[in-house]
Number of protein chains: 2
Amino acid sequence: MDDRTAAERFSALAHPTRLRLFRRLMQTGPDGLAAGVLAEALQVAPNNLSAHLNTLSQAGLIEARREGRSRIYAVRIGATAATVGFLVDECCQGHPEVCGVVARRAEPAGV
Amino acid sequence: MDDRTAAERFSALAHPTRLRLFRRLMQTGPDGLAAGVLAEALQVAPNNLSAHLNTLSQAGLIEARREGRSRIYAVRIGATAATVGFLVDECCQGHPEVCGVVARRAEPAGV
DNA sequence: ATTTCAATTCAACGAGTGTTGAAGTGAATT
DNA sequence: AATTCACTTCAACACTCGTTGAATTGAAAT
């Protein structure tokens with residue numbers, strides 16, 4: 001992953017509404033949730049939510065699929081793992097014992 | 001951690017220069033680096049770098065100390081771990097085996 | 001005390017972001 | 001085929017962010 005991709009992803013997460021949104025999808029897992037369900041659950045106007053979902057999609061953190069008349073959004077787990085991995089990569093000059101809890105998050109991630 | 005704190009931290013990371021900066025400090029570890037060294041290493045103007053360091057400090061991701069006439073910046077590891085933990089918390093409805101690589105990053109983090 | 005070095009602060013400008021309300025698509029129902 | 005439902009797209013506005021150059025602070029050396 002390059003700096004720009006990672007920065008774009010963090011930028012997508014750098015918003016209270018989108019963060020709530022992403023965490024909700026993260027907790028839900030691959031099954032995902034319909035846009036309408038999310039709008040209701042998070043109390044966000046549909047058009048506003050749509051814009052935020054778009055931002056997260058474009059950043060590659062979530063993806064959409066159609067099911068009937070609903071649009072279902074779900075987290076892209078591999079991309080999420082890669083982003084986190086990028087952030088804490090090679091922490092503490094290869095002496096991860098220094099990093100404490102971060103070290104256990106620092107395994108290189110595929111995707 | 002609350003949404004706002006986390007969003008502020010991701011916002012701080014949501015910039016190519018700051019991301020390079022943070023990763024460099026992450027790789028350096030608790031010893032940290034002087035502002036001047038960072039400016040030279042990353043080829044960023046001192047005043048510009050200073051602004052970015054300030055943003056990261058304010059977000060709680062790094063901290064500064066003085067050493068002689070230099071100012072040394074170092075990563076705040078606990079806060080970093082907490083932020084990552086917040087993002088992937090409770091992933092996949094408590095079925096972390098679904099999450100693959102993320103699951104190994106999802107331990108709750110102190111600080 | 002004065003000079004030099006390291007780094008920060010300030011003001012100002014251009015560029016980008018988020019929200020809002022209205023209009024538009026695309027799929028299912030009647 | 002007309003309507004309804006779910007959601008998205010569009011345009012416009014206010015607002016925030018990042019960079020730049022100049023001035024300032026704070027610490028050490030002469």
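Here is how names work: the chains are called A, B, and so on, in the same order as the sequence lines, proteins then strands, and each is numbered from 1. Owing to the predicted nature of the structure, the values given are computational and were not obtained by experimental measurement.
As rounded to whole Å, 14 Å separates atom C1' of D:dG18 from atom CG of B:Asn54. One interatomic measurement links the two molecules: CZ of B:Arg71 to P of D:dA27, which rounds to 9 Å at whole-angstrom precision. Between A:Leu56 atom CG and D:dT8 atom P there is a gap of 12 Å when expressed in whole angstrom units.
Under the 3.5 Å distance criterion, with hydrogens and angles disregarded, a donor-acceptor pair is assigned to the side chains of B:Thr5 and B:Asp2.
Side-chain nitrogen and oxygen atoms of B:Asn47 include none within less than 4.0 Å of the OP1 or OP2 phosphate oxygen of C:dC10. For A:His52 and D:dT8, the shortest distance from a side-chain N or O to OP1 or OP2 is not below 4.0 Å. Close to C:dT8, at under 4.0 Å from its OP1 or OP2, lies a side-chain N or O of B:Tyr73. Contact between the side-chain N/O atoms of B:Arg66 and the OP1/OP2 oxygens of C:dA6 is not found at any separation under 4.0 Å.
The nearest heavy atom of DNA chain C to A:Thr17 and to A:Gly68 marks one nucleotide each, and the one closer to the 5' end goes with A:Thr17.
In the helix from C:dA1-D:dT30 to C:dT30-D:dA1, the end axes, each obtained as the rotation axis mapping the C1' atoms of four pairs onto the next four within a five-pair block, lie 20° apart to the nearest 10 degrees.
Taking the side chain as every heavy atom from C-beta outward, B:Arg23 and B:Gln27 approach each other to under 4.5 Å. Contact annotation: the side chain of A:Leu87 never approaches that of B:Met26 to less than 4.5 Å [non-hydrogen atoms, C-beta and beyond]. Residues A:Leu38 and A:Leu53 meet the side-chain proximity criterion, which asks for heavy atoms closer than 4.5 Å. Looking at heavy atoms from C-beta onward, A:Thr80 lies in side-chain contact with A:Leu61 at the 4.5 angstrom threshold.
Listed candidates were D:dG18, C:dA7, D:dG21. Nearest to the side chain of B:Ala35 is C:dA7.
Residue A:Ala51 is classed as having no contact, given no heavy-atom separation below 4.0 Å to the nucleic acid. Within the nucleic acid shown, A:Ala39 has no heavy atom closer than 4.0 Å to any nucleic acid atom.
Side chain A:Asn48 to base C:dG18: no donor-acceptor pair is found below 3.5 Å.
Classification of the B:Phe10-A:Phe10 ring pair by plane angle, with boundaries at 30° and 60°, yields parallel.
A:Thr83 places a side-chain N or O within 3.5 Å of a backbone atom of A:Ala79 that can act as its donor or acceptor partner.
Taking hydrophobic clusters as Ile, Leu, Val, Met, Phe, Trp and Tyr residues chained together by side-chain heavy-atom distances below 4.5 Å, A:Leu42 does not share a cluster with A:Ile72.
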If you restrict it to nitrogen or oxygen atoms, what contacts under 3.5 Å exist between nucleotides 1-5 of chain C and the protein, and what is each distance?
| from | atom 1 | to | atom 2 | distance (Å) |
| --- | --- | --- | --- | --- |
| C:dC5 | O4' | B:Arg69 | NH1 | 3.1 |

